[in-house]
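Below is one structure, written out as C-alpha coordinates, with a few remarks after it.
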2 protein chains.
Amino acid sequence: MKNYIQDLNKAFENRIRLGIMSILMVNDSVEFSTLKEMLDITDGNLASHIAALEKIEYVNVTKQFIGKKPNTTYTVTKAGKKAFNEHLDALEKLLKNRD
Amino acid sequence: MKNYIQDLNKAFENRIRLGIMSILMVNDSVEFSTLKEMLDITDGNLASHIAALEKIEYVNVTKQFIGKKPNTTYTVTKAGKKAFNEHLDALEKLLKNRD
DNA sequence: TAGTTTAACTTTGCGCTACAAAGTACTTTT
DNA sequence: AAAAGTACTTTGTAGCGCAAAGTTAAACTA
(Lines give C-alpha, C1' and ligand atoms only; values in the text may rest on other atoms or scores of the structure.)
Protein backbone atom coordinates (compact mmCIF):
# COMPACT_ATOMS: atom_id res chain seq x y z
CA MET A 1 0.00 0.00 0.00
CA LYS A 2 1.34 3.33 -0.97
CA ASN A 3 1.33 5.76 1.84
CA TYR A 4 -1.13 8.42 0.80
CA ILE A 5 -1.12 9.87 4.24
CA GLN A 6 2.13 11.64 3.48
CA ASP A 7 0.41 13.37 0.58
CA LEU A 8 -2.17 14.99 2.80
CA ASN A 9 -1.41 18.64 3.29
CA LYS A 10 -0.87 19.69 6.89
CA ALA A 11 -2.27 23.10 6.06
CA PHE A 12 -5.68 21.60 5.39
CA GLU A 13 -5.88 19.27 8.35
CA ASN A 14 -7.81 21.77 10.40
CA ARG A 15 -11.54 21.80 9.72
CA ILE A 16 -11.77 25.56 9.54
CA ARG A 17 -9.01 25.85 6.97
CA LEU A 18 -10.67 23.04 5.06
CA GLY A 19 -13.87 25.06 5.15
CA ILE A 20 -12.20 28.29 4.08
CA MET A 21 -10.56 26.57 1.13
CA SER A 22 -13.67 24.74 0.05
CA ILE A 23 -15.54 28.03 0.00
CA LEU A 24 -12.81 29.89 -1.82
CA MET A 25 -12.44 27.15 -4.40
CA VAL A 26 -15.95 27.69 -5.67
CA ASN A 27 -16.27 31.43 -5.17
CA ASP A 28 -14.12 33.92 -6.99
CA SER A 29 -13.88 36.22 -4.05
CA VAL A 30 -15.33 36.11 -0.57
CA GLU A 31 -15.60 38.80 2.11
CA PHE A 32 -14.29 38.46 5.63
CA SER A 33 -17.73 38.89 7.11
CA THR A 34 -19.26 36.34 4.77
CA LEU A 35 -16.66 33.76 5.65
CA LYS A 36 -17.19 34.48 9.29
CA GLU A 37 -20.91 33.87 8.99
CA MET A 38 -20.57 30.79 6.85
CA LEU A 39 -18.11 29.19 9.18
CA ASP A 40 -19.77 30.50 12.31
CA ILE A 41 -16.58 31.28 14.19
CA THR A 42 -15.17 34.29 16.00
CA ASP A 43 -13.46 36.96 13.96
CA GLY A 44 -10.16 36.41 15.73
CA ASN A 45 -10.21 32.74 15.00
CA LEU A 46 -11.01 33.34 11.35
CA ALA A 47 -8.31 35.98 11.07
CA SER A 48 -5.67 33.64 12.42
CA HIS A 49 -6.57 30.80 10.09
CA ILE A 50 -6.69 33.12 7.10
CA ALA A 51 -3.33 34.53 8.14
CA ALA A 52 -1.88 31.03 8.11
CA LEU A 53 -3.18 30.43 4.59
CA GLU A 54 -1.95 33.82 3.47
CA LYS A 55 1.49 33.18 4.86
CA ILE A 56 1.97 30.08 2.76
CA GLU A 57 0.47 31.93 -0.19
CA TYR A 58 -2.58 29.81 -0.70
CA VAL A 59 -4.84 32.81 -0.25
CA ASN A 60 -4.73 36.40 -1.47
CA VAL A 61 -6.15 39.33 0.37
CA THR A 62 -7.64 42.49 -1.12
CA LYS A 63 -8.42 45.47 1.07
CA GLN A 64 -10.55 48.27 -0.28
CA PHE A 65 -13.30 50.65 0.64
CA ILE A 66 -16.79 49.98 -0.56
CA GLY A 67 -18.51 53.29 -0.20
CA LYS A 68 -17.30 54.35 3.21
CA LYS A 69 -16.76 50.95 4.72
CA PRO A 70 -13.58 48.95 4.76
CA ASN A 71 -13.97 45.70 2.93
CA THR A 72 -11.60 42.78 2.85
CA THR A 73 -12.00 39.99 0.34
CA TYR A 74 -10.09 36.80 -0.16
CA THR A 75 -9.31 34.70 -3.17
CA VAL A 76 -7.45 31.45 -3.52
CA THR A 77 -4.12 31.61 -5.33
CA LYS A 78 -3.00 29.32 -8.11
CA ALA A 79 -0.69 27.56 -5.66
CA GLY A 80 -3.58 27.23 -3.25
CA LYS A 81 -5.77 25.60 -5.87
CA LYS A 82 -3.06 23.20 -6.83
CA ALA A 83 -2.30 22.28 -3.23
CA PHE A 84 -5.93 21.83 -2.37
CA ASN A 85 -6.60 19.64 -5.38
CA GLU A 86 -3.61 17.51 -4.51
CA HIS A 87 -4.88 17.21 -0.99
CA LEU A 88 -8.26 16.07 -2.23
CA ASP A 89 -6.63 13.56 -4.54
CA ALA A 90 -4.66 12.14 -1.65
CA LEU A 91 -7.78 12.00 0.49
CA GLU A 92 -9.65 10.18 -2.21
CA LYS A 93 -6.93 7.66 -2.78
CA LEU A 94 -6.45 7.09 0.90
CA LEU A 95 -10.11 6.40 1.39
CA LYS A 96 -10.62 4.25 -1.65
CA ASN A 97 -7.62 2.12 -0.99
CA ARG A 98 -8.45 -1.57 -0.88
CA ASP A 99 -5.19 -3.48 -0.97
CA MET B 1 -24.97 27.20 2.77
CA LYS B 2 -25.47 24.52 5.33
CA ASN B 3 -22.56 24.23 7.63
CA TYR B 4 -21.13 20.80 6.91
CA ILE B 5 -18.05 21.64 8.88
CA GLN B 6 -19.92 20.89 12.07
CA ASP B 7 -20.58 17.38 10.81
CA LEU B 8 -16.91 16.58 10.50
CA ASN B 9 -15.79 14.33 13.30
CA LYS B 10 -13.05 15.75 15.49
CA ALA B 11 -11.77 12.24 16.10
CA PHE B 12 -10.80 11.94 12.45
CA GLU B 13 -9.23 15.33 11.96
CA ASN B 14 -5.76 13.98 12.57
CA ARG B 15 -4.13 12.38 9.57
CA ILE B 16 -2.91 9.35 11.46
CA ARG B 17 -6.32 8.54 12.86
CA LEU B 18 -7.74 9.06 9.39
CA GLY B 19 -5.19 6.58 8.15
CA ILE B 20 -5.89 4.05 10.87
CA MET B 21 -9.59 4.18 10.16
CA SER B 22 -9.23 3.98 6.42
CA ILE B 23 -7.12 0.87 6.84
CA LEU B 24 -9.44 -0.73 9.36
CA MET B 25 -12.49 0.00 7.23
CA VAL B 26 -11.24 -2.22 4.45
CA ASN B 27 -9.45 -4.89 6.47
CA ASP B 28 -11.24 -7.12 8.91
CA SER B 29 -8.42 -7.13 11.36
CA VAL B 30 -5.00 -5.51 11.36
CA GLU B 31 -1.96 -6.10 13.55
CA PHE B 32 -0.18 -3.43 15.52
CA SER B 33 3.05 -3.98 13.66
CA THR B 34 1.32 -3.86 10.29
CA LEU B 35 -0.35 -0.58 11.10
CA LYS B 36 2.93 0.78 12.31
CA GLU B 37 4.62 -0.10 9.05
CA MET B 38 1.81 1.13 6.86
CA LEU B 39 1.64 4.46 8.59
CA ASP B 40 5.37 4.71 9.14
CA ILE B 41 5.23 6.20 12.60
CA THR B 42 6.76 5.38 15.96
CA ASP B 43 5.10 2.73 18.05
CA GLY B 44 4.38 5.17 20.85
CA ASN B 45 2.64 7.54 18.51
CA LEU B 46 0.55 4.76 17.02
CA ALA B 47 -0.32 3.41 20.45
CA SER B 48 -1.60 6.77 21.60
CA HIS B 49 -3.76 7.34 18.54
CA ILE B 50 -5.17 3.84 18.77
CA ALA B 51 -5.85 4.44 22.45
CA ALA B 52 -7.86 7.52 21.56
CA LEU B 53 -9.96 5.57 19.06
CA GLU B 54 -10.39 2.76 21.54
CA LYS B 55 -11.53 5.11 24.25
CA ILE B 56 -14.41 6.42 22.16
CA GLU B 57 -15.14 2.85 21.09
CA TYR B 58 -14.47 3.21 17.42
CA VAL B 59 -11.85 0.48 17.55
CA ASN B 60 -11.67 -2.90 19.26
CA VAL B 61 -8.49 -4.53 20.42
CA THR B 62 -7.74 -8.24 20.57
CA LYS B 63 -4.67 -9.53 22.36
CA GLN B 64 -3.53 -13.07 21.84
CA PHE B 65 -0.46 -15.18 21.43
CA ILE B 66 0.42 -16.51 18.04
CA GLY B 67 2.76 -19.32 18.79
CA LYS B 68 5.00 -17.75 21.37
CA LYS B 69 4.69 -14.14 20.34
CA PRO B 70 2.25 -11.61 21.65
CA ASN B 71 -0.01 -10.33 18.93
CA THR B 72 -2.39 -7.44 19.06
CA THR B 73 -4.97 -6.89 16.37
CA TYR B 74 -7.49 -4.14 15.85
CA THR B 75 -10.88 -4.03 14.26
CA VAL B 76 -13.27 -1.17 13.72
CA THR B 77 -16.50 -1.28 15.73
CA LYS B 78 -19.98 -0.79 14.38
CA ALA B 79 -20.05 2.67 15.92
CA GLY B 80 -16.68 3.39 14.35
CA LYS B 81 -17.92 2.43 10.91
CA LYS B 82 -20.98 4.57 11.29
CA ALA B 83 -19.02 7.57 12.54
CA PHE B 84 -16.44 7.24 9.81
CA ASN B 85 -19.02 6.99 7.08
CA GLU B 86 -20.78 10.04 8.42
CA HIS B 87 -17.50 11.87 8.48
CA LEU B 88 -16.89 10.96 4.85
CA ASP B 89 -20.37 12.08 3.91
CA ALA B 90 -19.77 15.43 5.56
CA LEU B 91 -16.43 15.77 3.82
CA GLU B 92 -17.98 15.02 0.49
CA LYS B 93 -20.78 17.50 0.94
CA LEU B 94 -18.44 20.16 2.18
CA LEU B 95 -16.21 19.78 -0.81
CA LYS B 96 -18.91 19.54 -3.41
CA ASN B 97 -20.86 22.46 -2.08
CA ARG B 98 -21.46 25.11 -4.70
CA ASP B 99 -24.05 27.50 -3.28
C1' DT C 1 -16.76 67.14 19.43
C1' DA C 2 -16.83 63.56 22.59
C1' DG C 3 -18.62 59.14 22.56
C1' DT C 4 -20.26 54.98 20.12
C1' DT C 5 -20.17 51.81 16.38
C1' DT C 6 -18.25 48.92 12.69
C1' DA C 7 -14.70 46.19 10.30
C1' DA C 8 -10.91 43.69 10.65
C1' DC C 9 -7.78 42.48 12.85
C1' DT C 10 -3.76 41.43 16.92
C1' DT C 11 -2.57 39.96 21.39
C1' DT C 12 -3.07 37.24 25.36
C1' DG C 13 -3.54 33.23 27.85
C1' DC C 14 -4.85 28.71 28.69
C1' DG C 15 -5.77 24.08 27.85
C1' DC C 16 -5.13 20.48 24.67
C1' DT C 17 -2.58 17.75 21.15
C1' DA C 18 1.21 15.52 18.59
C1' DC C 19 5.28 13.62 18.69
C1' DA C 20 9.85 11.55 19.67
C1' DA C 21 12.36 9.42 22.91
C1' DA C 22 12.97 6.90 26.80
C1' DG C 23 11.32 3.64 30.04
C1' DT C 24 8.64 -0.76 31.22
C1' DA C 25 7.03 -5.68 31.28
C1' DC C 26 7.13 -9.92 29.58
C1' DT C 27 8.96 -13.35 26.67
C1' DT C 28 12.03 -15.59 23.51
C1' DT C 29 16.26 -16.27 21.28
C1' DT C 30 21.22 -16.55 21.53
C1' DA D 1 23.16 -14.20 31.30
C1' DA D 2 22.45 -10.96 27.72
C1' DA D 3 20.13 -9.20 23.81
C1' DA D 4 16.15 -8.63 21.15
C1' DG D 5 11.15 -8.40 20.09
C1' DT D 6 6.22 -6.86 21.05
C1' DA D 7 3.41 -3.61 22.63
C1' DC D 8 2.90 -0.57 25.12
C1' DT D 9 3.25 3.79 28.96
C1' DT D 10 5.48 7.80 30.56
C1' DT D 11 7.79 12.02 30.01
C1' DG D 12 8.78 16.32 28.14
C1' DT D 13 8.46 19.74 24.79
C1' DA D 14 6.82 22.40 21.15
C1' DG D 15 3.00 23.84 18.81
C1' DC D 16 -2.08 24.55 17.97
C1' DG D 17 -6.98 26.17 18.64
C1' DC D 18 -9.83 29.02 20.57
C1' DA D 19 -12.35 32.67 23.11
C1' DA D 20 -11.96 36.93 24.89
C1' DA D 21 -10.07 41.19 25.23
C1' DG D 22 -7.48 44.80 23.23
C1' DT D 23 -6.31 47.76 18.98
C1' DT D 24 -6.76 50.84 14.91
C1' DA D 25 -8.93 53.71 11.90
C1' DA D 26 -12.72 55.56 9.94
C1' DA D 27 -17.65 56.90 10.37
C1' DC D 28 -21.94 57.90 12.16
C1' DT D 29 -24.42 60.11 16.31
C1' DA D 30 -25.93 63.35 19.82
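To find a chain, count down the sequence lines: A is the first, B the second, and so on, and within it residues start at 1.
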Minimum heavy-atom separation for [X] to [Y], with atom names?
{"X": "A/A83", "Y": "A/N9", "value": "CB-ND2, 3.9 Å"}
{"X": "A/R17", "Y": "A/K10", "value": "NH2-O, 4.2 Å"}
{"X": "A/A11", "Y": "A/L53", "value": "O-CD2, 4.4 Å"}
{"X": "A/L88", "Y": "B/L95", "value": "CD2-CD1, 3.5 Å"}

Can you list the residues that meet the ring pair (Phe, Tyr, Trp, His ring centres under 6.0 Å) rule with [X], with sequence neighbours excluded?
{"X": "A/F12", "result": "A/Y58, A/F84, A/H87"}
{"X": "B/H49", "result": "none"}
{"X": "A/F32", "result": "none"}

Would you kindly give the [atom1]-to-[atom2] distance between [X] and [N], to the nearest whole Å?
{"X": "A/E37", "N": "C/dA7", "atom1": "CD", "atom2": "C1'", "answer": "13 Å"}
{"X": "B/L46", "N": "D/dT9", "atom1": "CG", "atom2": "P", "answer": "11 Å"}
{"X": "A/L18", "N": "D/dC16", "atom1": "CG", "atom2": "P", "answer": "17 Å"}
{"X": "A/F12", "N": "D/dG17", "atom1": "CZ", "atom2": "P", "answer": "14 Å"}
{"X": "A/L35", "N": "C/dC9", "atom1": "CG", "atom2": "P", "answer": "11 Å"}

Problem - Selection: residues 52-64 of chain B, any non-hydrogen atom under 4.0 Å of DNA chain D - result: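 Per residue number, the list reads B/K63.
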Exercise for the section: Compare side-chain N and O positions of A/Y74 against OP1 and OP2 of C/dC9 and report whether any pair is under 4.0 Å apart. Expected result: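 Yes, because at least one side-chain N or O of A/Y74 sits under 4.0 Å from OP1 or OP2 of C/dC9.
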Problem - Short side-chain to backbone donor-acceptor contact, B/N85 and B/K81, under 3.5 Å - result: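 Yes; at least one donor-acceptor contact below 3.5 Å.
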Practice task
Measure from the side-chain N and O atoms of A/T77 to the backbone N and O of A/E57, and report whether any donor-acceptor pair falls under 3.5 Å.
Solution key: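 Between the backbone of A/E57 and the side chain of A/T77 there is a qualifying donor-acceptor contact (under 3.5 Å).
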Problem - Protein proximity profile, nucleotides 13-27 of chain C - base contact B, sugar-phosphate-only contact S, no contact -, cut-off 4.0 Å on heavy atoms - result: -----SSS------S
Problem - Check: B/L35 and B/I50 side chains under 4.5 Å, non-hydrogen atoms - result: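 Contact flag for B/I50/B/L35 side chains = yes.
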Exercise for the section: Could you check if a side-chain atom of A/N71 sits within less than 4.5 angstrom of a side-chain atom of A/E31, using non-hydrogen atoms only? Expected result: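 Yes. Closest side-chain heavy atoms under 4.5 Å.
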Practice task
Five pairs at each end of the helix from C/dT1-D/dA30 to C/dT30-D/dA1: take the axis at both ends and give me the angle between them to 10°.
Solution key: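 Here the helix ends are tilted 20° relative to one another.
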